[in-house]
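Chain naming here is simple, since letters A, B, ... match the order of the sequence lines and numbering starts at 1 in each.
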Amino acid sequence: MQIAFYLSGLVAILATLRVVTGTHPVHALLYLIVSLIAVAMVFFALGAPFAGALEIIVYAGAIMVLFVFVVMMLNLGESAVEQERAWLQPRAWMGPAILTAVLLIVMVVTLASGDYDGSISGETLTAKMVGMSLFGPYLVIVELAAMLLLAALVAASHLGRSEAHDEADLARERQRELNEQASAVASGETSIHTREESRDTQEGKA
Amino acid sequence: MNWWTPQVEATLIAMVQAVVILLAVVVSGALLSMIERRLLALWQDRYGPNRVGPFGLLQIAADMLKIFFKEDWIPPFADRTFFVLAPAIAMASLLLSFMVIPITPGWGVADLNIGILFFFAMAGINVYAVLFAGWASGNKYALLGALRASAQTLSYEVFMGLAVMGIVAMTGSFNMRDIVNAQENVWFIVPQFFGFCTFVIAGIAVTHRHPFDQPEAEQELADGYHIEYSGMKWGMFFVGEYIGIVLISALLVTLFFGGWHGPLLPPIVWFLLKTVFFVILFVLLRAALPRPRYDKVMSFGWKVCLPLTLVNLLITGAMILLIDPGV
């Protein structure tokens, strides 16, 4: 298990580095998928197969698909690669890199001075145990997340609805026109003629 | 001999079993291309391929020879890495899913505790095959096919997982072997009928079979995502689709039809009989149903199937609590 943990951890770090340094957007996304699968493997190695499986299903299998979906729609060509290369100057990444390095040193020192005994192990968590703790001590967080997702769902449905609304309006307008025509028919024949003539001229234009 | 320990024996038996299952799946996937054509012909009152060998049985050999020796061409405008990677993902992810299916009490590759979740993970990875193939081909039809495929698969995978959760709640385990053992008296099709309906629909949609073959609709997209593929790379998509059919059939048998359970006949025969029944059902669906419009497919998934699975799950949970409140 230790070997599995370190190997998949290494793969995750290397793949994530390639995501950041890569210039081709779709290739970078492929590395990100590899990185997520490697993180899932880390979960497996730590004895949390349920979390690992969910990591692949939710992140690699659903969220990343949407990322790839959008990037493919953008049809980024060589110009995007050039722009990305131009942005990857040391001037741009030097500052954040130094600050993150400081944080890394802090974390390594904390881990080294703590009660961490250097072994990678853990008892295997079952899905039942995960569920018990989710709906036990963390119930409020689960409910809040559910409400947040519901709000997002309603918002997305509202944004996507505008087109259907327009269609309904159009249908109502068409109905009103038909009603007008019907009343015109009722009022007399002359108006029908003019209406037909006007339609003929319209068709001629089309 | 002191190296011949029970452990070595168990390892060897497990390895042989895994290889036999792998070969059986790949061979049946390849054979299905011929069987499907013969069955379709039977239902449409014609002969189908019947010239090569007895009853046209060697047609598959001829097809395979053709696929193997055809020029393996990568278009100059394609993205090479992704173009080569896509068919490998298509076949490998589905083949790996067979790992969790218990065939008989003694046969099966892995006895995973997360069982069914492993299949969903692999089905999630499988989407990338179509996405990458469509994008890497550098072809508009292929890209359109890939977009349709990813939207369709994502929508249908949502309730595919929820459809099975009723069974998981009743069994109390994700393990496929536990699920089969729980069906010794009553198959899960009886208490989980709506779960079964939605799982079948989602299964067909995830394997892009008729009537959910929007990604490759010949009439509109001229084969969709694998339009630029040729030779063995195309063959891998082709065989991968049939492996998908066998996989979904085997899953239906394991989850809803009691797996190897059945009277008189030995377990392996029951498992194979049930699986073959569902494979034939897949082919019959293709012969019988037309392809619906794409937006109808999407709204059917979200507006009919998803609410149905949610209601099914709610009622299942209520019944479990009603019958045995102690759990």
Pick one of side chain, backbone, both or neither for B:L154, based on which atoms fall under 4.5 Å of a heavy atom in chain A. side chain

Output the distance between atom [atom1] ([X]) and atom [atom2] ([Y]), rounded to the nearest 0.5 Å.
| X | Y | atom1 | atom2 | result |
| --- | --- | --- | --- | --- |
| A:F44 | B:I114 | CZ | CD1 | 4.0 Å |
| B:D79 | A:L30 | CG | CG | 10.0 Å |
| B:L117 | A:I56 | CG | CD1 | 10.5 Å |

Top contributor to chain B interface from A:G52, A:A53, A:A60 [non-hydrogen pairs under 4.5 Å]: A:A60

Between B:V158, B:L147, B:V127, the one whose heavy-atom pairs under 4.5 Å with chain A are most numerous: B:L147

Could you tell me whether the side chain of B:F120 reaches within less than 4.5 Å of the side chain of A:L54, counting heavy atoms only? no

Is B:E157 close to A:I57 at the side-chain level, that is, under 4.5 Å between some pair of heavy atoms? no

Do you know which two heavy atoms are closest between B:S150 and A:V65, and how far apart they sit? CB-CG1, 4.0 Å

Minimum-distance pair of heavy atoms, taken over all atoms of B:A151 and A:F69: N-CE1, 4.2 Å

Side chain, backbone, both or neither of A:V58 within contact of chain B (heavy atoms, under 4.5 Å): neither

Should the ring pair B:F82 and A:H27 be called parallel, tilted or perpendicular, given that the plane angle runs from 0 to 90° and is split at 30 and 60? parallel

Under 6.0 Å from the [atom1] atom of [X], do we count more than 12 heavy atoms belonging to anything else shown?
| X | atom1 | value |
| --- | --- | --- |
| A:M132 | CE | no |
| A:I3 | CD1 | no |
| A:Y59 | OH | no |
| A:Y31 | OH | no |

Would you check if the side chain of B:Y128 reaches a backbone N or O of A:V68 as a donor-acceptor pair within less than 3.5 Å? no

